[in-house]
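See below for the structure under consideration.
These numbers come from a predicted model, not from an experiment. Throughout, numbering of the chain's residues begins at 1 and tracks the sequence.
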Amino acid sequence: MDLEKQKRAPIYEALEKFRKKRVVPFDVPGHKRGRGNPELVELLGEKCVNLDVNSMKPLDNLCHPISVIKEAEELFADAFGAEHAFLMIGGTTSAVQSMVLSVCKVGDKIILPRNVHKSVINALILCGAIPVYVEPKVNERIGIALGIEIEPLEQIIRDNPDAVAVLVNNPTYYGICSDLKKIVEVAHRHGLQVLVDEAHGTHLYFGENLPICAMKAGADYAAVSMHKSGGSLTQSSVLLTNNGVNADYVRQIINLTQTTSASYLLLSSLDISRRNLALRGKESFASVVKMAEYARNEINAIGGYYAYSKELVNHSSIYDYDVTKLSIHTQGIGLTGIEVYDLLRDEYDIQIEFGDIGNILAYISIGDRIRDIERLVGALADIKRLYERDGSDLVSGEYIQPDVVMSPQKAFYAEKETLPLKKTDGKICAEFVMCYPPGIPILAPGEKITKEIIDYILYAGKKGCSLQGTEDPEVKNLKVIK
């Protein structure tokens with residue numbers, strides 16, 4: 001990485017130059033630097049709406065970058081150790097879908113764990129690829145799916161010689177990491193490309209003593225969510241490519257779905273955040289690790305909770321652990337994760353990332369302060385004191401691997417009927433059912449519905465999980481194959 005070059009922020013610099021010219025706008029957006037929408041100016045500020053501009057020659061064009069955006073992407077590639085980088089303003093969802101669509105076409109097989117984000121399966125619906133799932137093991141104590149193990153992966157590759165790619169989460173939402181370097185070696189030896197969903201892994205490129213990042217492991221693609229741990233604005237992301245991937249083709253794929261009206265607020269936030277991480281990321285993420293470890297120790301000292309970390313590592317299903325993830329198992333105090341999540345928000349004004357049946361995740365990043373950590377720890381201690389109960393009636397958050405009966409695309413577009421959820425046992429699902437966040441489908445199109453899965457959905461809804469994905473907003477009914 002060239003630190004001298006990394007001091008540049010070309011999109012931000014071009015916007016500052018543009019702002020000083022006081023150009024009269026006869027283009028979109030129609031609010032005309034906020035003059036047409038004073039309430040928007042009051043909410044966001046004059047400087048913000050002044051910079052909400054359209055693509056023009058001095059500011060380049062995201063669909064076909066030739067100047068400042070091109071330079072910003074080159075700086076990204078340098079900072080992240082990639083051959084090419086593409087700025088994405090449709091969230092990491094668009095980055096994930098673009099890398100899948102770049103590699104897979106109708107009928108192609110892609111090998112992946114079932115605990116992927118819904119954006120991956122949505123991409124399969126769009127391109128018609130066939131998922132071949134590596135069934136992950138589950139940690140029985142905390143009830144979460146673990147990483148990809150090498151031997152089962154090799155067997156699946158041998159059983160599916162027509163597969164074209166392997167997709168890996170690095171890390172998972174909970175911080176679990178697979179042996180990514182070995183996965184890349186195995187996949188490449190069999191002629192498969194490796195796609196990595198690094199929505200929760202921006203910091204892996206800059207921090208020390210953290211799990212390996214996709215580009216360093218030799219992966220071909222990585223979708224990196226800058227707005228999560230990287231500090232940019234919500235919905236901004238980057239897609240990285242390596243190993244001679246045809247960048248011009250990838251750009252064409254991106255342009256199939258990404259907007260032609262790119263937000264310069266998002267683009268400049270990516271530009272500035274990349275510069276910040278390149279220049280100060282090492283020390284910033286060292287501070288994040290220190291805060292997360294402090295919080296983990298304090299929470300475990302409360303009793304009942306289990307804030308897990310590297311002690312889980314077994315060098316197979318859990319090859320490494322991302323210690324910046326403050327994942328906490330809550331059932332030891334007799335409460336589900338979603339119940340603790342709700343109490344923290346409603347009673348203590350603390351908003352954490354998510355709660356599920358067994359766990360909560362407090363996202364620690366470069367913007368956190370130690371006094372915020374102490375407030376969280378104090379609230380968790382208070383919740384234990386006030387709300388702890390016998391949790392013998394709790395259901396494990398155990399991950400359930402559904403059987404895939406048909407491709408997601410075929411199921412999604414098949415003739416459907418609507419049935420009450422309780423009457424769908426044995427049917428083939430035609431839509432998604434998931435708790436969001438984290439957005440990992442409990443059911444996806446093409447999967448067989450079982451009583452166990454139905455009971456889990458009902459239990460999750462009863463406990464307060466935000467169930468999404470179905471046409472029925474209350475998730476009382478489900479679309480199934482007719």
Side-chain angles (χ1 to χ4, degrees), residues 76 79-80 88-89 91-93 95 117 169-177 197-214 222-238 240 265-266 268-299 307-310 320-328 337 341 344-345 348-355 359-380 436-439:
F76 251 98
F80 283 77
M88 308 294 294
I89 44 78
T92 308
T93 287
H117 188 263
N169 299 315
N170 189 55
T172 70
Y173 226 136
Y174 302 92
I176 305 295
C177 295
D197 181 348
E198 284 187 318
H200 300 278
T202 306
H203 50 289
L204 304 184
Y205 288 84
F206 301 97
E208 287 189 317
N209 302 314
L210 292 173
I212 195 169
C213 62
V224 183
S225 192
M226 280 291 288
H227 74 91
K228 289 187 170 72
S229 61
S232 63
L233 290 178
T234 296
Q235 204 174 301
S236 56
S237 184
V238 63
L240 307 173
L265 299 176
L266 297 180
S268 59
S269 84
L270 282 168
D271 199 24
I272 293 166
S273 299
R274 181 270 314 152
R275 180 174 67 180
N276 180 49
L277 295 184
L279 300 180
R280 293 175 285 275
K282 182 179 174 181
E283 49 268 41
S284 294
F285 290 121
S287 176
V288 170
V289 169
K290 188 176 179 180
M291 285 189 289
E293 293 285 34
Y294 169 75
R296 192 172 285 115
N297 291 334
E298 292 294 306
I299 291 165
Y308 38 96
S309 187
K310 279 184 174 288
D320 205 348
Y321 188 81
D322 175 11
V323 295
T324 71
K325 298 288 184 293
L326 185 55
S327 300
I328 307 159
Y341 171 99
L344 284 169
R345 184 194 61 244
Y348 299 90
D349 294 331
I350 294 174
Q351 182 62 58
I352 58 172
E353 177 65 13
F354 80 87
N359 302 272
I360 58 173
L361 173 64
Y363 216 95
I364 312 296
S365 76
I366 57 177
D368 283 301
R369 303 164 297 180
I370 199 69
R371 64 176 178 268
D372 299 324
I373 300 293
E374 289 170 345
R375 183 173 167 186
L376 172 63
V377 171
L380 289 172
Y436 196 90

Is it true that the side chains of S273 and S232 contain a donor and an acceptor less than 3.5 Å apart?
no
Heavy-atom distance under 4.5 Å between the side chains of L204 and I212, does that happen here?
no
Report the distance from atom CG of L326 to atom CD1 of I299, rounding to the nearest 0.5 Å.
4.5 Å
If you compare all heavy atoms of A295 against all heavy atoms of I373, which two are closest, and at what distance to 0.1 Å?
CB-CG2, 3.4 Å
Give, for atom OG of S237 and atom CD of E198, the distance between the pair rounded to the nearest 0.5 Å.
10.5 Å
Just to verify, what does R371 make a salt bridge (charged side-chain N to carboxylate O under 4.0 Å, His left out) with, not counting sequence neighbours?
none
Anything under 3.5 Å between a donor and an acceptor, one on a side chain of residues 283-294, the other on a protein residue two or more places apart or in another chain? List them.
residue: S284; atom: OG; partner: R280; partner atom: O; Å: 2.8
residue: E293; atom: OE1; partner: R296; partner atom: NH1; Å: 2.7

Any idea how Y363 and H200 line up, ring-wise: parallel (<30°), tilted (30 to 60°), or perpendicular (>60°)?
tilted
Ignoring hydrogens, what is the shortest heavy-atom contact between L265 and L233? Give both atom names and the distance.
O-CD1, 3.5 Å
When rounded to the nearest 0.5 angstrom, what is the spacing between CG in D322 and OH in Y174?
14.5 Å
What I'd like to find out is whether the side chain of H117 reaches to under 4.5 Å of the side chain of Y436, using heavy atoms alone.
yes
Between NZ on residue K228 and OG1 on residue T92, distance to nearest 0.5 Å
4.5 Å
Intermediate values then yes/no, side-chain contact (heavy atoms from CB on, under 4.5 Å), D349 and R375:
CA-CA 10 Å; D349 294 331; R375 183 173 167 186; 3.6 Å; yes
Could you list the residues that satisfy salt bridge (charged side-chain N to carboxylate O under 4.0 Å, His left out) with K310, not counting sequence neighbours?
D320
Which pair of heavy atoms, one from G355 and one from Y341, lies closest together, and at what distance?
N-CD1, 3.5 Å
Do the side chains of L270 and S236 get nearer than 4.5 Å, heavy atoms only?
yes
Would you say that Q235 contacts H227 through its side chain, given a criterion of any heavy-atom pair below 4.5 Å between the two side chains?
no
Report yes if the side chains of I176 and Y321 come closer than 4.5 Å at any heavy-atom pair, otherwise no.
yes
Nearest 0.5 angstrom please: C213 SG to N170 CG, how far?
8.0 Å
In Å, rounded to the nearest 0.5 Å, how long is the span from OG1 of T202 to CZ of R274?
14.0 Å
Which pair of non-hydrogen atoms, one from F76 and one from V238, has the smallest distance, and what is that distance?
CD2-CG2, 3.9 Å
Tell me the closest heavy-atom pair linking D368 and S365, and the distance in Å.
OD2-N, 2.7 Å
Flag side-chain contact, heavy atom, 4.5 Å: L344 against L376
yes
Measuring centre to centre across the rings, with the benzene-like ring taken for any Trp, is F206 within less than 6.0 Å of F80?
yes
Should I366 and H203 count as side-chain neighbours, where that means a heavy-atom distance under 4.5 Å?
no
For L277 and Y205, run side-chain contact (heavy atoms from CB on, under 4.5 Å): C-alpha distance rounded to whole Å, both residues' side-chain angles, the deciding distance at 0.1 Å, then the answer.
CA-CA 9 Å; L277 295 184; Y205 288 84; over 6 Å; no
